[in-house]
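See below for the structure under consideration.
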Amino acid sequence: MEDNSTRTSAPLVTAYVDPSCPFAWITSRWLMEVAKMRPLALRFEVMSLAVINEHRDLEPWYREFNDRAWGPARVCVAAAAQHGPAALARLYPALGRWIHDAGDKDFDTVVPLALAEAGLPADLADVAHRSDVDPRMRASTARAQQLVGEDLGTPTVVVDDVAFFGPVLTSIPRGEEAVRVFDGARLLAGCRAFSELKRARSDGLTFA
């Protein structure tokens with residue numbers, strides 16, 4: 001993915017994502033699609049589902065998901081801390097392609113593959129099983145929650161100084177539709193009176 005962070009004329013778009021979250025992956029790919037159509041200064045930060053749900057009473061399957069989500073998120077945080085935002089802009093899409101597009105949930109295998117694809121040191125994979133980056137991950141998660149509310153999660157998108165949760169998408173808008181969704185989400189989020197727009201999700205997710 002092209003790193004557009006140096007385009008001063010483009011709106012700054014920050015996507016707070018968790019690499020394990022399929023909805024965050026779809027939203028991120030929608031934003032990357034928008035970036036093909038118009039200038040965006042798109043960057044990523046980590047909003048950890050494991051942190052958000054750490055002390056919540058969850059169904060067993062979702063507790064297992066959150067417990068496993070620590071690893072990839074930690075690696076993303078460490079990559080950004082040690083090698084800068086551009087490293088995360090390479091690593092997060094690489095992880096997404098393995099975890100979601102390829103459907104490989106063996107994180108101990110996927111993380112090294114994604115690091116190699118992103119051109120990052122292989123020893124970053126060790127961070128997945130360490131807690132020393134957790135304070136930094138908690139801080140980035142807290143920043144996102146301060147923008148949209150503690151009861152919300154990933155994906156959270158910030159366009160310049162306007163933040164909103166979502167949009168939660170089940171497939172990736174393409175071309176002009178992607179731009180229309182972006183403009184609509186930005187317009188609604190810019191209205192201080194606007195709180196929520198929601199409907200039942202369709203069956204299944206489409207990553208293609």
note = What one should report as the nearest heavy-atom pair of Pro155 and Thr27 is CG-OG1, 3.3 Å

message = Any heavy-atom pair between the side chains of Arg90 and Leu120 that's under 4.5 Å?
response = yes

task = Any chance you could measure Leu113, atom CG, to Asp106, atom CG, to the nearest 0.5 Å?
result = 9.5 Å

key: Sidechain-backbone polar pair: Trp98 side chain, Gly103 backbone, donor-acceptor under 3.5 Å   = no

ask   = Quick one: CH2 on Trp70 to OG on Ser20, what's the gap to the nearest 0.5 Å?
value = 12.0 Å

query = Is Leu42 reachable from Val179 through a run of I, L, V, M, F, W or Y residues, each pair having side-chain heavy atoms under 4.5 Å apart?
reply = no

ask   = Under 4.5 Å between side-chain heavy atoms, hopping through other hydrophobics if needed: is there a path connecting Met47 to Val168?
value = yes

request  = For Phe44 and Ala89, work out which heavy atoms get closest and say how close.
outcome  = CD1-CA, 4.0 Å

ask   = Is any side-chain heavy atom of Leu152 less than 4.5 Å from a side-chain heavy atom of Gln145?
value = no

inquiry  = Quick check: is Met32 connected to Val17 through a chain of hydrophobic side chains (ILVMFWY, heavy atoms under 4.5 Å apart)?
reply    = yes

message = Which heavy atom of Val34 sits nearest to which heavy atom of Ala178, and what is that distance?
response = CG2-O, 3.4 Å

inquiry  = Looking at every heavy atom in both Gly153 and Ile52, which two are closest together, and how far apart are they?
reply    = CA-CD1, 3.9 Å

ask   = Quick one: does Asp160's side chain have a donor or acceptor within less than 3.5 Å of a partner on Leu12's backbone?
value = yes

ask   = Cut-off 3.5 Å, side chains only: do Asn66 and Arg63 have a donor facing an acceptor?
value = no

request  = Under the side chain to side chain contact (heavy atoms under 4.5 Å, CB included) rule, what do Phe164 and Leu147 come out as? Steps first, then yes or no, please.
outcome  = CA-CA 8 Å; Phe164 50 92; Leu147 293 169; over 6 Å; no

key: Thr156 side-chain N/O to Tyr16 backbone N/O, donor-acceptor pair under 3.5 Å   = no

ask   = Is the closest basic N to carboxylate O distance between Asp101 and Arg29 below 4.0 Å?
value = yes

key: Point-to-point distance, once rounded to the nearest 0.5 Å, from CD of Glu54 to OG1 of Thr141   = 10.5 Å

inquiry  = Can you confirm whether Ile172 sits close enough to Thr206 that some side-chain heavy atom of one is under 4.5 Å from a side-chain heavy atom of the other?
reply    = no

ask   = What are the two closest non-hydrogen atoms of Ala87 and Ala79, and how far apart are they?
value = CB-O, 3.9 Å

ask   = In this structure, are over 12 heavy atoms from other groups packed under 6.0 Å from Arg138 atom CZ?
value = yes

Min side-chain heavy-atom separation Cys76-Glu45 under 4.5 Å = no

message = Ignoring hydrogens, what is the shortest heavy-atom contact between Ala114 and Ala94? Give both atom names and the distance.
response = O-CB, 3.8 Å

task = Could you go through the side chain to side chain contact (heavy atoms under 4.5 Å, CB included) check for Val159 and Phe182 one step at a time?
result = CA-CA 10 Å; Val159 183; Phe182 179 80; 4.0 Å; yes

query = If you draw a 6.0 Å radius around CZ in Arg192, do more than 12 non-hydrogen atoms from other residues or ligands fall strictly inside?
reply = no

task = Check whether any side-chain N or O of Ser48 sits under 3.5 Å from a backbone N or O of Val51 as a donor-acceptor pair, and report yes or no.
result = yes

query = Side chain of Glu33, backbone of Gly175: donor and acceptor closer than 3.5 Å?
reply = yes

inquiry  = Keeping Arg74 on the side-chain end and Arg130 on the backbone end, is there a donor-acceptor pair under 3.5 Å?
reply    = yes

ask   = How about Leu115 and Val75: do any of their side-chain heavy atoms sit closer than 4.5 Å?
value = yes

ask   = Side-chain contact, heavy-atom cut-off 4.5 Å: Val157 with Leu31?
value = yes

message = For residues Leu49 and Leu58: do they belong to one hydrophobic cluster (side chain heavy atoms under 4.5 Å, members Ile, Leu, Val, Met, Phe, Trp, Tyr)?
response = yes

ask   = Taking side chain as C-beta onward, heavy atoms only, is Asp183 less than 4.5 Å from Arg38?
value = yes

task = Specify whether Trp25 and His100 have parallel, tilted or perpendicular ring planes, treating 30° as the upper limit for parallel and 60° as the lower limit for perpendicular.
result = parallel

ask   = Is there a donor-acceptor pair under 3.5 Å between the side chain of Lys105 and the backbone N or O of Ile99?
value = yes

Arg97 side chain vs Ala102 backbone, donor-acceptor pair below 3.5 Å = no

message = side chain to side chain contact (heavy atoms under 4.5 Å, CB included), that's the test. Do Leu205 and Ser171 meet it? Break it down for me.
response = CA-CA 6 Å; Leu205 303 179; Ser171 63; over 6 Å; no

Minimum side-chain heavy-atom gap Pro11-Leu40 below 4.5 Å = yes

Candidate pair Arg174 and Trp30, rule side chain to side chain contact (heavy atoms under 4.5 Å, CB included), full reasoning = CA-CA 7 Å; Arg174 301 289 187 181; Trp30 157 64; over 6 Å; no

task = Group every Ile, Leu, Val, Met, Phe, Trp and Tyr by side-chain heavy-atom contacts under 4.5 Å, then state whether Phe165 and Leu188 land in the same group.
result = no

